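Input: one structure, supplied below.
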Amino acid sequence: MSRRRFPVGVQDFEKIIKEGFVYVDKTEYIYDLANHYGDAMFLSRPRRFGKSLLCSTLRHYFLGHKELFKGLAIDKLEKNWTEYPVFHFDMSKCKRDDVAMVSRQLEKQILDYEKEYDCESPDLDCGGRLENLIETAHKLTGNRAVLIFDEYDSPILNVIDDPEKMKEIKSLYNSFYGPVKSMGDHLRFVLLTGITKFSQMSIFSTINNLANISMDESWEGLCGITAQELESNFKDDITQLARKYKLTPEEMLHRLRDRYDGYHFGPGMIDVYNPFSIVNTFSRMKLDDYWFSSATPSALIKILDKYNFKLTDIEKKRVYASSFDQPFDSMRSSLHILYQSGYLTIKDYEWEDEIYTLGIPNKEVYSGLYNTLMPHYLSPSEDDNTSLLMSVQRAMRDDDINSVLTAVQSYLSSLPYDLGVKTELDFEAILKVLFDCVGIKTNTEVKNARGRCDVVMKNRNTIYVLELKISTTATVDDALAQIDEKNYLIPYWNDFRRKVKVGVTVDPESRTIKEWKTVNA
C-alpha cells in the first residue's frame with residue numbers, strides 16, 4: 001500500500017493542496033466563520049493545534065483563490081468569490097524577548113505589505129503605518145480589508161516572567177493595534193488567534209464587537225481532528241498502523257483515542273484529537289508523544305511557578321464558565337492557562353450551574369506533564385522519576401500491585417521534606433498520574449451511595465480498589481474494613497476482571513507508605 005503524504009510541519013493551505021498532502025476538510029467552518037458569525041473574533045487554542053493552518057486557509061479564501069478549494073465543502077457553498085486585501089501577521093515570528101527585535105520583525109511584515117500597495121510610510125509608528133495601509137488598500141481595491149493576527153500573544157508569553165519587558169511589548173502592541181478601533185468602515189473581517197487574553201491590550205478593549213469564540217459550541221471542531229473526522233479520513237492509515245503493531249483496527253483506534261483524544265473546547269463536549277500528534281503518528285507509522293516533545297514548554301513552567309503550582313493540583317478542578325473569559329493578568333490560579341495551553345481540558349459541564357470540570361486530556365499529556373513537572377514540583381531528580389515510572393509499568397504488566405507499592409514507598413522516602421505527601425489527596429493524585437501515564441485507567445475520589453473510594457485502578461485483568469489512611473493509629477485492616485462497609489466494590493461486580501481490595505497506611509511523619517495489605521474479593 002502506498003503511503004500518503006502527511007503535512008508534518010506544513011501550515012500553508014496552498015502548499016498542502018497543491019502538493020497533495022492529506023487535508024481534513026474544515027472549509028464549511030471557514031465559510032460560516034467568514035459569513036455568518038461576525039466581523040471580529042478571537043480564538044484560543046493550544047500550540048500546534050491548527051491555528052496557523054486556519055489563518056492560512058482564511059487568507060486564501062478571502063484572496064479569492066477559488067481553484068485551491070475545488071472539491072471541498074466550501075466549493076458548493078460560496079457563489080460569489082471576491083478578492084479582498086488581506087493582511088496576515090504571523091506574530092510567532094516576533095518571539096524574541098527584546099522589544100526592539102520584536103518591533104523590527106513587526107515593521108518588516110508591515111513593510112512587505114506597504115510595498116505591495118505602494119504606500120510606504122516610515123515616518124509613522126507601526127500603528128499609523130497599519131492604519132495607512134488599510135485605508136490605502138480599501139481605496140485601491142474598492143473592497144474592505146481583512147486582518148489576521150496569528151499567535152498574537154507569542155511575544156508576551158516569551159517574557160511572562162519579566163514584568164518590565166512585558167510592559168514594553170504591551171506598549172508596542174497597543175500602538176500597533178490601537179487604530180483598529182476606528183477602522184471599522186475599512187474592515188471586512190478581523191481574527192486573532194493565540195493561547196490567552198491579556199488585559200490592558202487595546203485590541204481587546206477598543207474593538208467593541210470582538211467576540212471570543214474559543215468556547216462557543218459552534219466552533220469546537222474548528223481546529224484539531226474530531227473523532228468523526230479521524231475515522232472517516234484515516235481509515236486505511238489506522239488499518240496500516242494496526243497491522244504494524246499486530247492489532248485489529250478497532251484495537252488501534254482505542255490506542256489512538258487513549259493517547260491523543262480527549263480534548264473538549266466547549267459545552268458540546270465534541271471529542272477532538274491533537275492534530276500534530278495524529279499527522280506525525282501516521283507519517284512515521286509510530287505511536288509516540290509528539291506534541292509534548294515538540295517544544296520545551298518554558299512559558300508553562302514560568303506560569304506555574306508564578307502560581308506555586310503543584311503536580312497534585314491537576315485533577316477534578318471545577319470552575320465557573322464565566323472565569324474562562326478573564327484576561328491572563330486577572331487570573332488567580334494556573335487552571336485557566338493550563339486549559340488554554342492544552343494541558344487540561346473539559347471533562348464535564350453542568351449546564352444548570354454553568355460549571356466546568358477540568359482534567360488532563362489523554363495519555364500523551366499525562367506522560368509529558370509527568371516528565372516535565374515532576375522534577376519541578378515533586379522530586380528534583382529526573383532519573384528517580386523515570387525509574388519509578390518504569391518500575392510501575394513493569395509491575396502492572398505482571399499485575400503485581402505489591403511491587404508497585406514497594407516502588408512508590410521507596411520513591412516517597414527519597415523526597416525532600418518540603419516536597420513529600422501531606423494529605424490523602426496528594427497521595428491519590430500521585431497514584432493517578434503514575435498509573436494513567438502507563439495506560440491504566442485510574443479514578444480518585446470515586447463516589448457511590450455509601451461513600452467515596454480513594455482510588456480505583458482498572459488494569460487489563462484486574463480492578464484494584466484502594467483505601468488510604470494517613471494516620472499514626474489507623475491500620476490496613478481499618479482501610480479494608482471501610483471498603484466492605486461502604487460497598488466500594490459493588491459497582492464492579494458485573495465486570496469480568498478480578499477484584500482486589502488494597503488497604504494502605506501512610507505515616508504522617510515520614511510521609512511515605514507504612515504498610516499495605518491486599519485481599520482478593
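All figures in this text were calculated on a predicted structure; none of them were measured in a lab. All values below come from the heavy atoms of this structure, side chains included, with hydrogens, waters and symmetry mates left out.
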Problem - Partners meeting salt bridge (Lys or Arg N to Asp or Glu O under 4.0 Å) with Glu229 (sequence neighbours left out) - result: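 Per chain and number, Glu229 pairs via salt bridge (Lys or Arg N to Asp or Glu O under 4.0 Å) with Lys26.
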
Problem - Side-chain (Lys51) to main-chain (Leu192) donor-acceptor, under 3.5 angstrom - result: no

Problem - pair Leu106-Met91: side-chain heavy atoms closer than 4.5 Å - result: yes

Handout entry: Polar side chain donor-acceptor pair, His264 to Asp271, under 3.5 angstrom
Key = yes

Problem - Student check: side-chain heavy atoms of Leu111 and Glu107 closer than 4.5 Å - result: no

Handout entry: Ring centres under 6.0 angstrom apart (Tyr61, Phe13)
Key =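 They do not qualify: ring centres at least 6.0 Å apart.
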
Problem - Atom CD of Glu217: over 12 foreign heavy atoms under 6.0 Å - result: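 Enclosed: over 12 neighbouring heavy atoms sit under 6.0 Å from CD of Glu217.
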
Problem - Heavy-atom pair of closest approach, residues Tyr290 and Ser277 - result: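 Looking at all heavy atoms of both residues, the shortest contact is CD1-O, 3.8 Å.
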
Handout entry: Residue pairs fulfilling salt bridge (Lys or Arg N to Asp or Glu O under 4.0 Å) with at least one residue in residues 246-257, sequence neighbours excluded
Key = none

Handout entry: Spacing of CD1 belonging to Ile225 relative to CG belonging to Asn233, to within rounding of 0.5 Å
Key = 8.0 Å

Problem - Evaluation steps, side-chain contact (heavy atoms from CB on, under 4.5 Å), between Leu43 and Leu54 - result: CA-CA 11 Å; Leu43 176 71; Leu54 167 67; 3.6 Å; yes

Handout entry: By salt bridge (Lys or Arg N to Asp or Glu O under 4.0 Å) - contacts of Glu14 (at least two apart)
Key =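 Partners of Glu14 under the salt bridge (Lys or Arg N to Asp or Glu O under 4.0 Å) test: Lys18.
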
Problem - Closest heavy-atom pair and its distance - Ala227, Tyr273 - result: CA-CE1, 3.7 Å

Practice task
Assess whether atom CD of Glu116 is packed by more than 12 heavy atoms of other residues, nucleotides or ligands within 6.0 Å.
Solution key: yes

Practice task
Show your working on side-chain contact (heavy atoms from CB on, under 4.5 Å) between Leu58 and Val86 and close with a plain yes or no.
Solution key: CA-CA 9 Å; Leu58 279 164; Val86 178; over 6 Å; no

Practice task
For residues Phe6 and Ile278, determine if any side-chain heavy atom of one lies less than 4.5 Å from a side-chain heavy atom of the other.
Solution key: no

Handout entry: His88 side chain near Cys55 side chain, heavy-atom distance below 4.5 Å
Key = yes

Problem - Flag, side chain of Arg47 to backbone of Glu151, donor-acceptor distance under 3.5 Å - result: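 Here the side-chain-to-backbone pair does not exist.
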
Problem - Between CG on residue Leu210 and CZ on residue Phe42, distance to nearest 0.5 Å - result: 8.5 Å

Problem - 4.5 Å side-chain heavy-atom contact, Val365 and Asn362 - result: yes

Practice task
Could you tell me whether the side chain of Ser175 and the main chain of Ser171 form a donor-acceptor pair under 3.5 Å?
Solution key: no

Exercise for the section: For residues Met269 and Lys347, report the shortest heavy-atom separation together with the two atoms involved. Expected result: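 So the two residues come closest at CE-O, 3.3 Å.
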
Handout entry: Asp353 atom CG, neighbour heavy-atom count above 12 within 6.0 Å
Key = yes

Practice task
Would you indicate whether the side-chain heavy atoms of Glu220 and Pro267 approach each other to under 4.5 Å?
Solution key: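 SC-SC contact between Pro267 and Glu220 confirmed.
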
Handout entry: Shortest non-hydrogen contact from Ser341 toward Ile195
Key =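 Heavy atoms only, the tightest pair is OG-CG2, 3.8 Å.
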
Handout entry: ring-ring contact (aromatic ring centres under 6.0 Å, His included) partners of residues 223-248, not counting sequence neighbours, each pair once
Key =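 Qualifying pairs, neighbours excluded: Phe234-Phe282.
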
Exercise for the section: Count the heavy atoms of every other residue, nucleotide or ligand shown that sit under 6.0 Å from CG of Asp185, and state whether that count exceeds 12. Expected result: no

Problem - Closest heavy-atom pair and its distance - Arg48, Pro275 - result: O-CG, 3.9 Å

Handout entry: Side-chain heavy atoms of Leu191 within contact of Tyr152, under 4.5 Å
Key =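 Answer no - side chains too far apart.
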
Problem - Side chain to side chain, Met166 and Ile156, heavy atoms closer than 4.5 Å - result: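 A side-chain contact exists here, since the closest heavy-atom pair is under 4.5 Å.
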
Handout entry: Any donor-acceptor pair under 3.5 Å from Asn174 side chain to Lys170 backbone
Key = yes

Handout entry: From Arg59 atom CZ to Ser52 atom OG, the distance as rounded to the nearest 0.5 Å
Key =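 If I round to the nearest 0.5 Å, the distance is 12.5 Å.
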
Practice task
Look up atom OG1 in Thr226 and atom CG in Asp261, then write down how far apart they are to the nearest 0.5 Å.
Solution key: 9.5 Å

Exercise for the section: Might you work through the side chain to side chain donor-acceptor pair (under 3.5 Å) test for Asn143 and Thr141, ending with a clear yes or no? Expected result: CA-CA 5 Å; Asn143 290 318; Thr141 66; 4.9 Å; no

Handout entry: Selection residues 132-148 - residue pairs positive for salt bridge (Lys or Arg N to Asp or Glu O under 4.0 Å), sequence neighbours left out
Key =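 Of all non-adjacent pairs touching residues 132-148, none passes salt bridge (Lys or Arg N to Asp or Glu O under 4.0 Å).
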
Handout entry: Arg129 CZ to Leu124 CG distance, which is reported to the nearest 0.5 Å
Key =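 Reported value, rounded in 0.5 Å steps: 8.0 Å.
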
Exercise for the section: Scan Phe49, Tyr349, Trp219 and name whichever one has a ring-ring contact (aromatic ring centres under 6.0 Å, His included) with Phe265. Expected result: Phe49

Exercise for the section: Using atom types as modelled and distance alone, determine if a side-chain donor or acceptor of Arg188 lies under 3.5 Å from a backbone N or O of Tyr84. Expected result: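 Pair absent, no side-chain N/O of Arg188 close to backbone of Tyr84.
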
Handout entry: Result of checking Trp291, Tyr366, Tyr263 against Tyr343 for ring-ring contact (aromatic ring centres under 6.0 Å, His included)
Key =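 Single ring-ring contact (aromatic ring centres under 6.0 Å, His included) partner of Tyr343 among Trp291, Tyr366, Tyr263: Trp291.
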
Fill in the blank from the handout: Heavy-atom nearest pair, Asp12 first then Ser56, reads OD1-OG, 3.3 Å

Exercise for the section: Classify the angle between the aromatic ring planes of Phe89 and Phe149 as parallel (below 30°), tilted (30 to 60°) or perpendicular (above 60°). Expected result: parallel

Handout entry: Stepwise side-chain contact (heavy atoms from CB on, under 4.5 Å) check, Val10 with Val279
Key = CA-CA 11 Å; Val10 182; Val279 297; over 6 Å; no

Practice task
Evaluate the side-chain contact (heavy atoms from CB on, under 4.5 Å) criterion for residues Thr27 and Asp75: first the C-alpha distance (whole Å), next the side-chain angles of each, then the deciding distance (0.1 Å), finally the verdict.
Solution key: CA-CA 9 Å; Thr27 59; Asp75 194 22; over 6 Å; no

Problem - Test side chain to side chain contact (heavy atoms under 4.5 Å, CB included) applied to Leu287 and Arg259, Lys363, Glu364, the passing residue - result: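 Option passing the side chain to side chain contact (heavy atoms under 4.5 Å, CB included) with Leu287: Arg259.
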
Problem - Contacts of type ring pair (Phe, Tyr, Trp, His ring centres under 6.0 Å), residue Tyr117, not counting sequence neighbours - result: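 Ring pair (Phe, Tyr, Trp, His ring centres under 6.0 Å) list for Tyr117, sorted by chain: Phe87.
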
Completion exercise
Rounded to the nearest 0.5 Å, the CD1 atom of Ile110 sits from the CD atom of Gln105 at a distance of 10.5 Å

